[in-house]
Amino acid sequence: MIKKVLVANRGEIAVRIMRSCREMDIASVAVYSSADRKSQHVRYANEAYYIGPSPSKESYLNIEKLIEVAKLSGADAIHPGYGFLSENAEFARRVIEAGIRFIGPTPEAITAMGDKVTARKIMIEAGVSVVPGTNENLDTDEALQRVAREIGYPLMIKASAGGGGKGMRLVRSEKELVASYNMAKSEARTAFGNDTVYIEKYIESPHHIEFQVLADQRGNTIHLFERECSVQRRHQKVVEETPSPLMTPELRAKMGEQAVAAARSVDYVGAGTVEFLVDDDHNFYFLEMNARLQVEHPITERVTGVDLVKQQILIADGQVLKIKQEALNQFGHAIECRIYAEDPDNNFMPSPGLIKHITEPLGLGVRTDGYVYEGYEIPIYYDPMISKLIVWALTREEAIQRMKRALFEYKITGVKTSIPFLKRIMDTPDFVSGKYNTHFIENNEDYLMSRNDCNQECEDLAMFVAYLDYLEKLSSVNMNKEVETNEASSWKEYARRRNVIRF
Amino acid sequence: MIKKVLVANRGEIAVRIMRSCREMDIASVAVYSSADRKSQHVRYANEAYYIGPSPSKESYLNIEKLIEVAKLSGADAIHPGYGFLSENAEFARRVIEAGIRFIGPTPEAITAMGDKVTARKIMIEAGVSVVPGTNENLDTDEALQRVAREIGYPLMIKASAGGGGKGMRLVRSEKELVASYNMAKSEARTAFGNDTVYIEKYIESPHHIEFQVLADQRGNTIHLFERECSVQRRHQKVVEETPSPLMTPELRAKMGEQAVAAARSVDYVGAGTVEFLVDDDHNFYFLEMNARLQVEHPITERVTGVDLVKQQILIADGQVLKIKQEALNQFGHAIECRIYAEDPDNNFMPSPGLIKHITEPLGLGVRTDGYVYEGYEIPIYYDPMISKLIVWALTREEAIQRMKRALFEYKITGVKTSIPFLKRIMDTPDFVSGKYNTHFIENNEDYLMSRNDCNQECEDLAMFVAYLDYLEKLSSVNMNKEVETNEASSWKEYARRRNVIRF
Amino acid sequence: MPFELRIKDRTAKVEILDQQGSFYQVKIGEKLYQIDVTKVESGVYSVIYQGKSINMEMIEGSTSNTYIVNTRSNDYQVAIIDAKTRYLEARKGDHDSGETIISSPMPGKIVRLLVKKGEKVAKGDTVIIVSAMKMESEYKSPVDGIIAKIFVKADDVVDAHQPLVEIEPINEQ
Amino acid sequence: MPFELRIKDRTAKVEILDQQGSFYQVKIGEKLYQIDVTKVESGVYSVIYQGKSINMEMIEGSTSNTYIVNTRSNDYQVAIIDAKTRYLEARKGDHDSGETIISSPMPGKIVRLLVKKGEKVAKGDTVIIVSAMKMESEYKSPVDGIIAKIFVKADDVVDAHQPLVEIEPINEQ
């Protein structure tokens with residue numbers, strides 16, 4: 001059995017992995033950069049080793065150094081977490097070559113799933129539905145029109161070598177087709193020196209729904225149901241929930257089957273996630289597979305009761321998956337909110353800095369996965385996520401009420417956080433009714449705007465308390481030094497008088 | 001629907017009730033004594049009112065004042081929590097007379113269950129098993145011996161008017177019977193002026209197992225399975241878990257049925273708990289019924305998914321119980337540890353005081369219900385319980401591992417706590433194997449004793465860090481004033497030198 | 001000892017008329033209040049006003065006489081206007097036509113400087129790019145002007161509110 | 001600047017030989033250590049020694065030169081022995097045959113005084129009953145003696161370590 005795990009990551013996910021290690025009586029090894037000496041994962045681990053300067057590429061992405069520390073500490077396995085080197089096939093290969101277990105899929109599976117075009121081909125072969133489209137270069141307007149008619153409008157023309165929106169054209173009807181096609185080709189030629197374009201169906205108002213899978217080294221592969229991840233801002237997930245409000249038992253069975261087929265097609269081992277786009281008519285299309293643990297894995301853990309990190313470790317240890325598909329159930333409803341150090345009222349500007357005060361929500365049905373503490377300074381070098389707040393309740397309605405209660409209790413000061421924005425999401429009718437897709441945030445800007453609910457009375461109270469705090473500051477020694485006016489002495493006089501009144 | 005609830009309590013249970021109120025969009029009203037102005041329940045509530053001096057009988061037990069505040073604040077219901085007035089029939093009656101809903105059973109049910117002899121009689125009539133025994137005064141030695149033989153040895157002779165162990169005699173065989181009987185009678189006469197005694201079977205190594213019940217105002221009554229509460233110290237519960245390691249599906253069905261019968265026999269309304277003694281042969285006997293929410297209710301909430309406080313409020317509102325017995329299930333395993341402000345290494349002496357630092361355990365499967373915060377001073381007037389730590393996992397084995405992990409993360413300084421003692425319980429083989437009864441703590445004194453695991457190296461590190469902290473204190477302004485020897489100047493010199501080295 | 005305080009655009013005089021323990025009788029502007037206020041944690045106060053329980057956290061602003069006041073649902077900027085502040089504000093008025101300084105609202109690392117000293121910039125031109133937490137932010141000139149001073153260079157790590165670039169506006173009368 | 005520290009019965013000299021940032025080379029007693037120590041919260045330190053990560057919390061004892069050092073699994077009493085301490089300890093030696101003071105180890109309320117000034121008590125006699133958190137504790141005389149002073153009366157609320165009763169021992173040579 002694995003006895004010591006090096007966690008090649010930082011922040012909340014490093015702490016979360018170490019928690020499961022501790023519950024398995026496995027020692028954990030932290031690695032840290034210059035910026036992270038005081039980070040929670042260093043304090044939580046059994047052992048901790050310095051691996052380099054603050055920028056990721058000199059520390060958390062330094063494969064050489066990580067393997068060196070694993071050998072030095074005697075770790076027999078490495079968990080990559082998410083981000084950093086978690087989907088780096090080269091890293092997985094190097095770890096295995098060093099005689100250390102890699103807690104994740106094989107380098108081959110990572111490579112296959114990392115390349116979108118390869119993944120799409122493998123999926124088609126495995127019978128997994130992908131967005132209808134074509135890879136061939138279409139030579140004549142007739143061929144183009146025929147294929148477009150087969151796929152159906154609206155459709156997207158995408159540059160094969162493209163990325164970042166360049167060389168992309170949305171076509172809503174046949175009369176725009178030829179002109180758009182030629183423009184896309186010319187744009188692709190200019191941008192990438194390669195005018196190969198292909199056509200894909202445009203999914204109008206898609207839901208982003210993903211399936212959690214687990215597979216052991218013997219090929220036993222199961223899925224742990226879906227996660228609805230359509231609440232996104234600039235392709236970054238903000239709120240996730242399970243079950244998905246869109247889901248039906250039939251759709252779940254079909255998608256689950258394809259998720260398992262997708263994993264099997266690359267001989268997947270470990271925990272992975274198959275992402276789909278789903279339209280309102282319950283058509284679904286493979287988007288990509290994430291060959292690692294997801295940020296939002298806790299909601300799956302909550303409704304199934306399965307500790308996914310423990311399963312990852314057991315699988316890496318070579319053990320046979322004990323969980324049977326038919327024994328799994330979704331019990332109740334779970335929602336996750338991601339808490340970022342950012343200012344929602346100022347274009348979501350990142351807000352690193354010193355945590356002055358933190359109060360975590362507690363009580364029934366609430367889980368917090370975080371890593372910051374009072375007095376900790378969030379560094380500027382890494383991801384702005386502070387924590388994940390996960391609630392569970394018997395029903396979706398109760399879960400939303402519980403999330404509102406938990407967000408009310410959550411207090412972080414010193415840095416700006418996304419908590420006020422998340423509160424407003426929980427109050428937005430489209431979210432409450434469960435009728436939302438990936439356009440949720442842009443469609444609900446009115447509801448999601450900051451509202452000032454402070455009337456004059458509330459302002460007066462704020463002024464008074466500030467006044468009291470200021471008086472206290474004034475009567476302290478340091479402050480008296482600062483105020484070099486003749487007020488200082490009258491302040492002292494006042495402070496004396498105040499004490500007299502008080503008793 | 002109930003719109004505003006006054007919580008006639010303090011501490012963790014007041015906060016816990018307010019959490020559910022908030023999730024139901026019900027406003028909560030806190031009441032507080034002089035000692036509790038800064039208490040968490042006052043800060044958490046929507047409204048807060050002062051009700052009197054610190055001693056309970058002048059504040060939390062002041063029925064008059066509580067009803068006055070309920071009227072003043074416009075509360076339409078009162079939740080009594082546990083302890084204080086929660087099982088006071090007079091309070092329940094007065095609340096109802098004031099036109100306010102009492103979130104609890106009827107005054108009649110409270111009265112019936114409050115008197116042990118009455119309760120015993122009602123249970124016998126309802127067909128609930130009670131400890132075999134008799135209430136009749138036995139006149140002749142023959143009658144005595146006959147009855148004793150019927151009941152079986154060992155048995156207890158108890159004074160009818162007794163309490164606190166007085167007038168009690170344990171009889172192990174017939175030859176001790178007559179002498180013990182006469183001594184018990186004489187002791188009872190001296191102590192209570194009433195020599196009526198009765199005989200009860202002595203349950204040798206009992207398990208304390210209780211069943212949670214819920215009943216609405218229409219007579220719909222269900223149970224939410226058992227809680228194993230045998231880990232006790234001086235009749236105070238320390239650790240609870242569900243399911244009970246002793247339980248079988250058959251025994252559970254039988255006991256659950258009788259728990260429901262017990263509640264029905266007094267037309268019970270709301271949440272209540274029926275306590276049983278159970279022997280190793282699965283014989284069980286009614287002990288008492290607690291006509292209120294129990295401290296340990298969260299473990300039931302965790303395995304059933306039911307929020308018991310919400311159910312209490314819905315029932316008090318007159319709503320029909322929506323939960324059906326046959327739909328209920330125990331999912332996984334839950335354990336609760338009670339965290340007290342007490343010194344386990346010094347005869348569990350209470351340890352009130354200022355909370356200097358607190359770190360609550362977080363992450364998968366962990367719930368904390370507490371009320372203290374950093375800078376809060378635990379008052380000397382009330383119960384020393386700081387919080388309840390509840391963990392859940394799929395299996396009992398995993399739940400114990402998770403509890404150990406959570407206790408490892410839990411850090412409270414400023415006051416002594418029972419955390420080290422609880423850690424040792426989790427490591428005790430009898431607990432780990434699940435083979436324990438109410439004698440667990442006395443039977444395992446060796447395992448539960450404090451062990452010092454610090455070797456010289458670890459001591460050296462502790463000294464060095466203390467030394468560093470002391471240096472820092474010395475170099476601060478205040479400290480220099482205190483140290484009025486000629487060392488002060490050399491310290492300043494050293495502090496300067498240290499800065500030079502540092503950069 | 002009355003004092004003037006400002007929240008948003010509103011200024012009000014605050015005066016304690018009486019105090020008994022944590023109970024204050026206060027005049028704020030023209031309104032009388034009876035408030036129960038007690039400090040519960042460092043910088044955190046529990047307020048009970050007309051039965052309502054409110055938590056407020058006082059976070060010191062960039063100067064010792066300003067606060068960000070945090071309640072459960074919102075935050076407000078509050079300034080205490082003492083003699084010193086009034087003096088500084090009066091002085092500031094004199095200089096108001098002076099330079100414009102671009103400073104970073106958050107700690108970060110300078111990615112790129114797009115201007116040189118003495119260079120002319122138009123309002124809206126990007127002057128400097130700062131990165132923090134894997135996101136790059138562009139800072140633009142708020143005026144037409146000439147770069148007067150540059151306080152940082154590429155790869156510098158900067159604190160919040162640290163001046164980055166000073167621009168001398170061009171007056172086009 | 002070496003110093004002597006005490007833990008349990010053991011006294012050791014502590015001396016920093018070198019420091020680079022948070023890395024210290026230290027001599028403790030006769031042993032050399034290389035330790036990485038950094039303060040992470042008020043009174044809380046993160047220690048890395050031979051790869052092992054250890055958290056330690058320093059809680060000030062009843063005097064400024066004593067600490068209770070808390071790790072995740074245990075706590076230890078540590079005393080820093082400076083000139084002042086040495087002096088005080090020497091002085092204490094002179095007085096050692098003096099009075100015995102019963103003090104409360106925790107805050108509480110005096111329930112009952114069972115003795116009067118001038119009264120004779122035997123070792124083990126209950127002198128005073130203090131209640132805290134719904135539990136009453138009896139404090140017994142550690143010596144045969146005479147009640148010299150009583151500092152409290154029934155219903156008084158007392159702090160931790162506050163003297164309650166002073167007993168003059170009777171020497172029975």
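From a predicted model like this one, the values you see are computed outputs, not experimental measurements. Chain naming here is simple, since letters A, B, ... match the order of the sequence lines and numbering starts at 1 in each.
Looking at B:Y44 and C:N55, their side chains never come closer than 4.5 Å, going by heavy atoms from C-beta outward. At least one side-chain heavy atom of C:V44 sits under 4.5 Å from a side-chain heavy atom of B:R43.
Within a 6.0 Å sphere centred on CD of B:E97, heavy atoms belonging to other residues, nucleotides or ligands number more than 12. The 12-atom threshold is exceeded at NZ of C:K140, counting heavy atoms of other residues, nucleotides or ligands nearer than 6.0 Å. Heavy-atom neighbours of C:K31 NZ from other residues, nucleotides or ligands within 6.0 Å: above the threshold of 12.
Looking at B:Y373, only its side chain comes within 4.5 Å of chain C, counting heavy atoms on both sides.
Shortest non-hydrogen contact noted between C:K39 and B:K38 is O-NZ, 2.8 Å. Closest of all the heavy-atom pairs between C:S53 and B:A45 is CB-O, 3.3 Å.
Scanning residues 62-78 of chain B against chain C with a 4.5 Å non-hydrogen threshold yields no residues.
A donor-acceptor distance shorter than 3.5 angstrom exists from the side chain of B:R37 to the backbone of C:S46, with no hydrogens or angles considered.
For B:Y371, the side-chain hydrogen bond (donor to acceptor under 3.5 Å, both in side chains) criterion is met by no residue, not counting sequence neighbours.
Of the inter-residue distances, the one linking B:Y50 atom OH with C:D36 atom CG reads 11.0 Å to the nearest 0.5 angstrom.
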